[in-house]
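One structure below.
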Amino acid sequence: MTPIFGDTHARCHRPSLALATLTFLAISCTSGCSLSEPATPIPEKTSMPILEIDEKPTASLKLFSPDTSIRFDDVTEDSGVTFQWSGGPTPSHCMTEQNGGGVALLDFDRDQLLDILLTDCGVFDGSGPSAVNCAHLYRGRGQFQFDLASRNAGLSDKSTAMGVAAGDINSDGFTDMLVACYGRNILYINSGDGTFLNVTEESIPFSQLWSTSPAFADLNGDGLLDLYIVNYVDWTPESPLCRGGKNQELILICSPAGFAAQPDELLINRGDGQFDELSTDLGISSTVNAKGLAICIADFSEDGQLDIFVANDTTPNSLYANRAFQGFDDKAVASGVAVSSDGTHGASMGVACGDYNRDGHFDLLVSNFRNQSNDLFAGLGANGFIPSSTSTAIDMLSRDKLAFGLVFSDFDLDGWPDIFVANGHIWDLSSVNKDIDYEMTADLLQNANGQSFRNVRESAGEYFSQKWLGRAVATGDIDNDGATDLVVQHVGKPARLLRNSSHLKSGSVLLDIVGTTHCREPLGCRVTVSVGGESSVMHIPSGGSFQACLDRRLLIRVPEERMLDLVTICWPDGTTYSWQNIAVEDANLLVLVEGMPRPYRIATLQ
């Protein structure tokens, strides 16, 4: 077969520092879920499957002594963001009700202020969902002030939306979007004038699957963003309801264990406005039993090629290793991330990628069901991963929760990535067991020098004292003050905006890396930053969390030196480019453009 993924290339561990030719510059400088015991497979439609509920109470956990340096303020009420997901819960207990909506942080109008996209899902009324606008866009005005801009932006399509991906697929300098749906997904092209155009019909192959989490990345190194779409299970509104409880007295959302998996889709960007669906040709098997909910794309094997991790619910996780741009091989088993540390199939729902122990390798954190530990896999680069949940206290801190979206971020700028986890059950079991929470508190896990984590939610602000049905969460510096903020989606309650008001232990600067000969938005790419003699690795987010799209700008910790010694990016084709001796000065944002040795400094963003 003619190579679809191009020729061989220089690897990132053999960097080439030659300047790339500057061909264009398009920047603006002016402004889930399963039970802890598998459900009985669905029988004939004349009866309801019986779900077994773990009714053993989980022992309460004693929190570590709180550190008051990390704190968030809920600023939703005065922000102008009034969105509440409308897809449930309802007496129908449709499976779509478990997921909640998606969230994306992006700058769609290039004014250097983050905007928020929140997706919605109608309530099923028998044959299908009630009609609701699937995408709600809030335009940022700075200082956590937003205006609802959906109608003016042309986002009026009605669908059953889940997750969202954002990326510049046509390299025109404006970020486009893919909204994943139950049914047909929607691709929006950014027109550059504040509006979006629905180009689904002419651009992406037609499918009628249940899509959950999409992600853009240049997976073949040709300079164009491709698209991976995670799909879930073959559930329909006509599927029988499920029962649970000691006497099967409860009608509940069904477990995915009783439904067939739906195949993921890999769409390769042709560069002419269209995508080719090449999953089978490129090794993403259409027959694999993978019930996907979340995705993260990064160079996990450190060979200069972007790999794909998919968190699958009650089935083995997938880790598709990029095979020299000829396709992919599933290396999840060989890499140690296919199953949980206890050898069981986790109810994997969300995924976070970061270097929690600062050893230069990407680690993975996967969220799971109640009475299952969230899985922390410590990366070893080409040697795979090792389970680290027990040694870092993640196991102890997570077993009493049912977790969805989760993220790594250095919230207090002490140099160590912390963790936020959105929690909430999919079943209200209070009538049969008062010890099993339906709504749950979110968790804020402070990193103790890469050795362990401690839950500091009790001192982290009012939001953490309340209970929620937490789902998608996205990170980004919303007010451009040098600290990472949060947007969290919920079921049954409005989305919340959480402003980081932590006592920061260092200064910081935002980095926006722009490709010219390579993809303009280098999503998923590995970036190494050296400051004051210390190096750290991170990746430009591609996927991550659960049904979410994170701010693609990198927040870099900058101590008193106020100088970035070296910034190196590994492009998707395996080559590298570096910027040296970058003075931060008073800039909030540094725009690093491939081929230009000096950055654009943007000092006033708030």
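Position 1 is the first residue of the sequence; numbering continues from there.
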Have a look at Phe206 and tell me which of Glu277, Arg184, Glu201 forms a side chain to side chain contact (heavy atoms under 4.5 Å, CB included) with it.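 Among the candidates, only Arg184 passes.
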
Is there a side-chain contact between [X] and [Y] in this structure, where contact means two heavy atoms from C-beta onward sitting under 4.5 Å apart?
X      : Y      : value
Gln547 : Thr212 : yes
Phe124 : His93  : no
Val179 : Ser159 : no
Leu293 : Asn99  : yes
Asp226 : Tyr228 : no
Cys134 : Thr119 : no
Ser211 : Glu265 : yes
Asp218 : Pro522 : no

Short question: side chain of [X], backbone of [Y] - any donor-acceptor pair under 3.5 Å?
X      : Y      : value
Glu594 : Tyr577 : no
Asp551 : Thr475 : no
Gln326 : Arg323 : no
Thr160 : Cys181 : no
Asp276 : Leu278 : no
Tyr182 : Trp235 : yes
Asn368 : Ser348 : yes
Asn269 : Leu224 : no
Asn133 : Ala135 : no
Gln489 : Gly100 : no

Closest non-hydrogen atom pair between [X] and [Y], with its separation:
X      : Y      : result
Asn317 : Val337 : ND2-O, 3.1 Å
Ala474 : Leu550 : CA-CD2, 3.5 Å
Leu225 : Leu523 : CD1-CD1, 4.0 Å
Arg471 : Phe546 : C-CD2, 4.0 Å
Ala215 : Ile295 : CB-CG2, 3.8 Å
Ser92  : Leu241 : O-CD2, 3.1 Å

Determine whether His425 and Phe369 satisfy the following criterion, ring-ring contact (aromatic ring centres under 6.0 Å, His included), listing intermediate values before the conclusion. CA-CA 8 Å; His425 219 300; Phe369 210 79; 5.4 Å; yes

Quick one: sort the Phe309 and Phe300 rings into parallel, tilted or perpendicular, breaks at 30° and 60°.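 Rings of Phe309 and Phe300: perpendicular, over 60°.
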
Would you kindly say whether the two SG atoms, from Cys242 and from Cys254, are closer than 2.5 Å?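 Looking at Cys254 and Cys242, their sulfur gamma atoms lie closer than 2.5 Å, so the answer is yes.
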
Between atom [atom1] of [X] and atom [atom2] of [Y], what is the distance when rounded to the nearest 0.5 Å?
X      : Y      : atom1 : atom2 : answer
Asp107 : Asp115 : CG    : CG    : 5.5 Å
Leu306 : Trp571 : CG    : CH2   : 12.0 Å
Leu227 : Ile169 : CG    : CD1   : 8.5 Å
Ile569 : His518 : CD1   : NE2   : 9.0 Å
Leu105 : Ile116 : CG    : CD1   : 5.5 Å
Leu380 : Glu302 : CG    : CD    : 9.5 Å

Could you walk me through whether Leu219 and Phe328 pass the side-chain contact (heavy atoms from CB on, under 4.5 Å) check? CA-CA 10 Å; Leu219 295 170; Phe328 294 87; 4.2 Å; yes

Is there a donor-acceptor contact under 3.5 Å linking the side chains of [X] and [Y]?
X      : Y      : result
Thr175 : Asp168 : no
Asn312 : Ser318 : yes
Thr315 : Asn289 : no

Can you tell which of Asp157, Asn198, Thr195 makes a side-chain hydrogen bond (donor to acceptor under 3.5 Å, both in side chains) with Tyr188? Asp157

Let me see the working for Leu486 and Val407 under side-chain contact (heavy atoms from CB on, under 4.5 Å), right down to the final yes or no. CA-CA 10 Å; Leu486 298 166; Val407 289; 4.3 Å; yes

Cation-pi check, Arg110 onto Phe174 ring (under 6.0 Å, within 45° of axis): yes

Apply side-chain contact (heavy atoms from CB on, under 4.5 Å) to the pair Leu319 and Phe385, showing each step before the final yes or no. CA-CA 11 Å; Leu319 179 57; Phe385 297 81; 4.0 Å; yes

Ring centers of Phe108, Phe196 separated by less than 6.0 Å: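 Yes, the ring centres sit under 6.0 Å apart.
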
Can you list the steps and then say if Leu365 with Asp363 is a side-chain contact (heavy atoms from CB on, under 4.5 Å)? CA-CA 7 Å; Leu365 179 64; Asp363 312 305; over 6 Å; no

May I ask you to check whether over 12 heavy atoms, not counting those of Glu202, lie within 6.0 Å of atom CD? yes

